[in-house]
Structure formats: structure tokens, C-alpha cells
Amino acid sequence: MKDRSKRELLTWSRFFWSTLFVAVFCILFSSISYSSFHLLRGQGRTKPELLSTWRNPLMEAVTEESQLTPSVTILQTVMIPDQSFLFLNHLPSSILYTKDSIDCVYLSPNSSEPVLMLNPLYIDGGNGSGHQAIVRCPLQPRGVIVTLRLKASGGRLLRPGPTYRWDSLAYEAVIDYDNSTIVFFKGFGLKPNKLSDPTRFECVYGWEFRMRKLLLRSEVLSIGQEIARCKTPLSVLNSNGRVSSQRPADSIRVSVKLKGRDALPSAALPIARPEFGQANGEEKLHEMCVCTMLRNQARFLQEWIMYHAKIGVQRWFLYDNNSDDDIKRVIKMLNYLNYNVTRHLWPWIKSQEAGFAHCALRARGHCKWVGFIDVDEFFHSPLDLSLGDVVRGQSKVGNVGEVRIFCYNFGPSGLKKVPRKGVTVGYTCRTRAHERHKSIVRPEALNPSLLNEVHHFHLREGFDFVTLDRPIMGINHYKYQVWEVFKEKFYRRVATYVSDWQDEQNVGSKDRAPGLGTRAIEPSDWSSRFCKVNDTELRDRVVETFEDPETQTLPWEREGGREAGEEE
């Protein structure tokens, strides 16, 4: 009898625990299914046409594949005039960053089969600049969706992300040290060099900007050009740890809108970046830094950095505007030689003013003074002063927040091929008068709006600028180099308010070569143009300072002798 009771008790116990296990399993399964359903719906609301056009078999294939491989997702696709940028949360270490490791796949809305498959134009694995990876694909045909196939992950096809136009988008955001949000955007056509009325605009935070009831709204503190400073809602500040999580597709985003109209689409995550630092307070690590924006300038980078290090630059912030040369290799080599060079991926085209404002924020916590020049521009003091001498001297004169320095444009100087010894030695003939200026600024002196004209910034009240005469310091601007180099300018200009060379507007602007026109055709007399003054001051100083007395070579001359297309 006891044995029977014991067996019945054991049976009931097993039945109870089995029933409980089944019930818990059903609840968990229902919860996961419900969450997954809503997650897919949430993604669909961001760009519903991208999800709704996929057929079920292809959707199921993508889902099955994602369970077998690390989660790689396309955060968004941004279309510029000739390419599509696909932003990924990361690329697995198993994938080599080559054009042979990934396919750009183009899908028709009405078919699960690819209509076109091409090699990427360029793959960038990311560099800690806010984007983990970018794959640049040829621009997709109208009405076709672009996605990626990862060959190293068994040919996995990624789910497409929402697609945006580059000229109507909030694309970057930073939560500043005062807890305001700085938003970089395109789309309102605001006037250059002028603040707009902030009361006409508002900032919005959320996940889906077409659902107005779910948006957090905040005051715009200042807005001008393509930069807005917003008052950050407390709930966003409190959730900032989640904003910067490893799931940016689920993170809150910020945008700007004209009151009464829809907000700009947004790919901008409002993330606090401790490395940006405060404008005031602790002692800066570097006295002199330089910011620049460049594209395909790797072959000139070594000379530019080595020279400026000799006259006092201690750190370089390079904003890479879609280079596809070997810039990463050159930077790696320079850092191995103990030059402090940071590459920041900045894919946004026609945005130099915004990029310089972003760089001013980035350099603020590290640098007392920051110079904003291009890679073909070289500071030069006929009195042999260092940059440190210049900025320290100006710091003693009133409350100087900016030093402006005139530029002198050099021409091809009779050359037809790239000079092997570099631009400072090869080009020695320039125009007579200076043209425009570039600036060195104290970051804490900048106006909170960050308004700038590339050549100089707007300053806070109480700060002023000084302009230096050439005997103290000037800038050798090697603007008109041999045709092989100069013709690359026709591809695209980086400044927002500067016309591209092929545009039929502002043909008489100082940003163009006088009399050149809008076609990349070499004039017969190009090598002799822009030659009014024979100026060898910087060439002589460079040779005296850098040339090896035994080999008569300069440190930036390429190994292996003269390359094809270079001047003897």
C-alpha cells in the first residue's frame, strides 16, 4: 500500500512539473513570437516599401541564415548622386575588407531573384567614428532595392535598411558637454554665413518620425547653415547609455523640422562622446593641432604632416570624405613613426563647413589652438617662426580667439608631371596678390552655433581675431598643380557653398581657375599659368631642413625611385 501511494505521489509530481514546463514554454514562445512580430512591424514603419516588397521565401531564407551567423544588419542606405552608402552595424572579423568578399545585390520589388549583382566600389571596416562599417555600392537603378551578400558567411543576403537621399537628412548628432544636442543636417537650404530664426524650428527625438504623437519635441537654441543646437530632453539624457548600445537600429534618433511640417528623415544618433571634452577647465594636451577634410590625397599626406610637425603641429584630425586610395596604409605608417594622426570617416558630401564644426568639437578637449587648412596648403613663416611662436605671441594681445593668415596661390611652375620631391620643392612660382585666408582658432572662443565659412569661424562675444602680415606667417597654397593632379578637382567639391567645377554657375568665382571653364580639358599653356612671382623661400627651407646630405633625398620621397608620371 505504501509502495502504491509512493508511486502515485511520484506520478503526480512528474505530471505537475511536466505541465508547468509546457505552460512556461508556451508563454515564452508566444511572447517571443509577439515581440518578433512587432519588431518587424517597427522596422517596416521606418521604410515600409522595403520590407513589404520581399516575397516570403526570401524573407524566410534571410531569417534562417541570421540564426546561423553573427548578426550583421544594414542600418540605413544613403544615396548620393553617383553611389549608394550602406551603413552596417559591424563586419565580422571573418570577412576580409575587399571587393571580393561582398556583393552589392539589386532586387526588384516584384521578384525574390536579384536583377543585378556588382562589386562594391569601396569597403570601410569603420574606425570608431560613429559608423562601424560602410559599403559603397554603384548607384541602384530607379525602383530597385540594394542590399549586400556576405560571401564569407555562406552567401548570406542581408535585409535592406531604410533608404534616404543625402540632401534631405539629419545625418550626425553629438550631445555636447552642456547637455545640448548638436545636429548636422541637410535639406532646408539655409543661407550661408547667417543664423536663422530658431523659433521657426524644433528638434524631435524618436524612432519613427512619421508618427508625430510618439515624438519628443524640444527647443532649438540656434540654427544656421546646416547645424542646429537643441535642448536635449531629460529622458534622452537619462537613456544615453542605451543610445550608444550595440543595437543602433533600435536606438533613438534626432531630427530637425520646420514647425508645421514633417521632420527631416534621420540617421543621427544623439550620442555623448567623452573624448570630445570640455571647452574650458583642464590643461590641454597639445598646443597646436590641425583639422582637414580630404579625398584621395594619400600620396601628398606624408610631406604635409612631416613638414607641419617640424613647425609645431602635434596632432592631426583627418576627415576622410570617401577616399578610395591607400590613405589607411599611409596613416598607419605615419603613426608608426610617432605622428599623432587620427582618421575620421566623414562620408557626407558637400559638407565641409559641418565637418569642420564637428572637428572643432572633437579637438576641443585636446588642443589649445586648431588650424583649419587643406592638404595642399602649408603654413610658412619667412621669419622662421614656429606655429607655437605665433599663437603664443597672439595670446598676449587682447582676447584673441582666431588668427587669420593669407593664402598665396602657386601654379604648375613649368612642370608637366608630379614633382618627385613634393609640392614644397617642386612648385616655386605663384600669383602676386594673396587670395582669401585660413584660420587658427581657440576652440573655447567659437560661437556656440559653430557657424563657419571654412576659412574662419564666428566667435563668441568678447573674443576677436587678428590678421597676420606675410613676414610673420603666410600660407603657400599649391592650388594649381600639374594637370594630372588638378583635374581631380572636377570630380566633386567638398564645400557646401562652392560650385562643382562642371556646374554652369558661378563660373567667375574665386573658387575656380580663371578662364578654365567647366570641362576637364587641359589648356595648352597650363604648365605656365599663374606664374607672376618666383618664390623659393619655402623650397629652400625644406631642402635645408629635411634633405639627407648623403643621398640628397627627402623623407617623403617614395621608396623604389621615381614613380611613373613623376618629374625627375
Side-chain angles (χ1 to χ4, degrees), residues 78 80-81 164-174 176 180-204 218-231 254-266 268 291 293 319 321 346 348-361 372 374 401-402 404 407 435-439 441 445-461 463-465 492-512:
V78 178
I80 69 170
Y164 307 116
R165 287 169 50 93
W166 73 278
D167 55 355
S168 180
L169 181 67
Y171 55 85
E172 293 273 358
V174 175
D176 207 358
S180 63
T181 302
I182 301 170
V183 186
F184 301 89
F185 62 86
K186 281 185 170 292
F188 292 133
L190 302 182
K191 294 181 179 180
N193 191 30
K194 185 178 180 180
L195 287 173
S196 297
D197 180 3
T199 63
R200 298 175 53 227
F201 301 85
E202 60 185 351
C203 295
V204 289
S218 73
E219 177 186 359
V220 175
L221 302 175
S222 68
I223 185 168
Q225 293 179 185
E226 297 178 346
I227 306 169
R229 187 181 287 269
C230 313
K231 187 175 181 180
V254 61
S255 186
V256 185
K257 66 187 293 291
L258 271 167
K259 290 181 178 179
R261 299 186 183 181
D262 291 334
L264 293 173
S266 178
C291 284
M293 187 175 290
Y319 275 52
N321 194 225
W346 188 263
W348 318 110
I349 67 172
K350 304 293 284 183
S351 61
Q352 190 174 18
E353 293 87 347
F356 276 7
H358 192 278
C359 191
L361 294 172
F372 292 85
D374 297 331
E402 181 179 62
R404 298 182 179 180
C407 300
E435 182 182 282
R436 295 189 172 176
H437 60 266
K438 291 296 178 74
S439 297
V441 304
L446 300 185
N447 189 285
S449 67
L450 300 175
L451 202 65
N452 70 87
E453 304 173 59
V454 175
H455 303 92
H456 61 260
F457 280 79
H458 287 214
L459 303 178
R460 290 179 182 269
E461 186 175 351
F463 287 92
D464 206 350
F465 67 87
R492 186 189 299 124
R493 312 293 289 279
V494 299
T496 306
Y497 305 103
V498 174
S499 298
D500 292 342
W501 289 89
Q502 298 179 72
D503 287 349
E504 297 283 351
Q505 58 178 329
N506 298 329
V507 177
S509 168
K510 290 183 179 180
D511 292 303
R512 296 178 178 271

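Hydrogens, waters and symmetry mates are skipped; everything else that's a heavy atom, side chains included, is used.
Of the candidates Leu451, Asp197, Leu190, Val183, Leu190 is the only one forming a side-chain contact (heavy atoms from CB on, under 4.5 Å) with Ile223. Test Lys259, Lys231, Lys257 against Glu202 for side-chain hydrogen bond (donor to acceptor under 3.5 Å, both in side chains) and you get one pass: Lys257.
A tilted orientation is assigned to the rings of His358 and Trp346, their planes being inclined by 30° to 60°. Classified by interplanar angle (parallel below 30°, tilted 30° to 60°, perpendicular above 60°), the ring pair Phe457/Phe372 is tilted.
Taken to the nearest 0.5 Å, the SG atom of Cys359 stands 4.5 Å off from the OH atom of Tyr319. Atom CZ of Arg261 sits about 8.0 Å away from atom CZ of Arg200, to the nearest 0.5 Å. Note that OG of Ser222 is 6.0 Å distant from CZ of Arg229, once rounded to the nearest 0.5 Å. In this structure, the separation between CZ on Phe201 and CZ on Phe188 is 5.5 Å, given to the nearest 0.5 Å. Taking CG of Asp176 as the reference point, atom CG of Leu450 lies at 8.0 Å (rounded to 0.5 Å).
Minimum heavy-atom separation, Pro448 to Arg460: CG-NH1, 3.8 Å. Here the closest non-hydrogen pair linking Phe185 and Ile227 is CE2-N, 3.5 Å. Taking every heavy atom of both residues into account, Val204 and Ala263 meet most closely at CG2-CB, 3.7 Å. Heavy-atom minimum distance, Asn193 versus Gln225: N-OE1, 3.3 Å.
A distance of 6.0 Å or more separates the ring centres of His456 and Phe465.
Side-chain contact check for Phe463 versus Glu402: every heavy-atom pair is 4.5 Å or farther apart. Side-chain atoms of Glu435 and Cys407, non-hydrogen and from C-beta on, never get closer than 4.5 Å to each other.
Checking side-chain atoms of Ser266 against main-chain N and O of Ala268 turns up a donor-acceptor pair under 3.5 Å. Using modelled atom types, one side-chain atom of Ser439 and one backbone atom of His455 make a donor-acceptor pair closer than 3.5 Å.
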### Task
Please test Trp348 against Leu169 for side chain to side chain contact (heavy atoms under 4.5 Å, CB included), starting from the C-alpha separation and ending with a verdict.
CA-CA 10 Å; Trp348 318 110; Leu169 181 67; 4.1 Å; yes

### Audit row: Leu221, Ser180, side chain to side chain contact (heavy atoms under 4.5 Å, CB included) steps and yes/no
CA-CA 9 Å; Leu221 302 175; Ser180 63; 4.2 Å; yes

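For the pair Lys186 and Glu226, the salt-bridge criterion is met [side-chain N within less than 4.0 Å of a carboxylate O]. The residues Lys438 and Asp374 are annotated as salt-bridged, a charged nitrogen and a carboxylate oxygen being separated by less than 4.0 angstrom.
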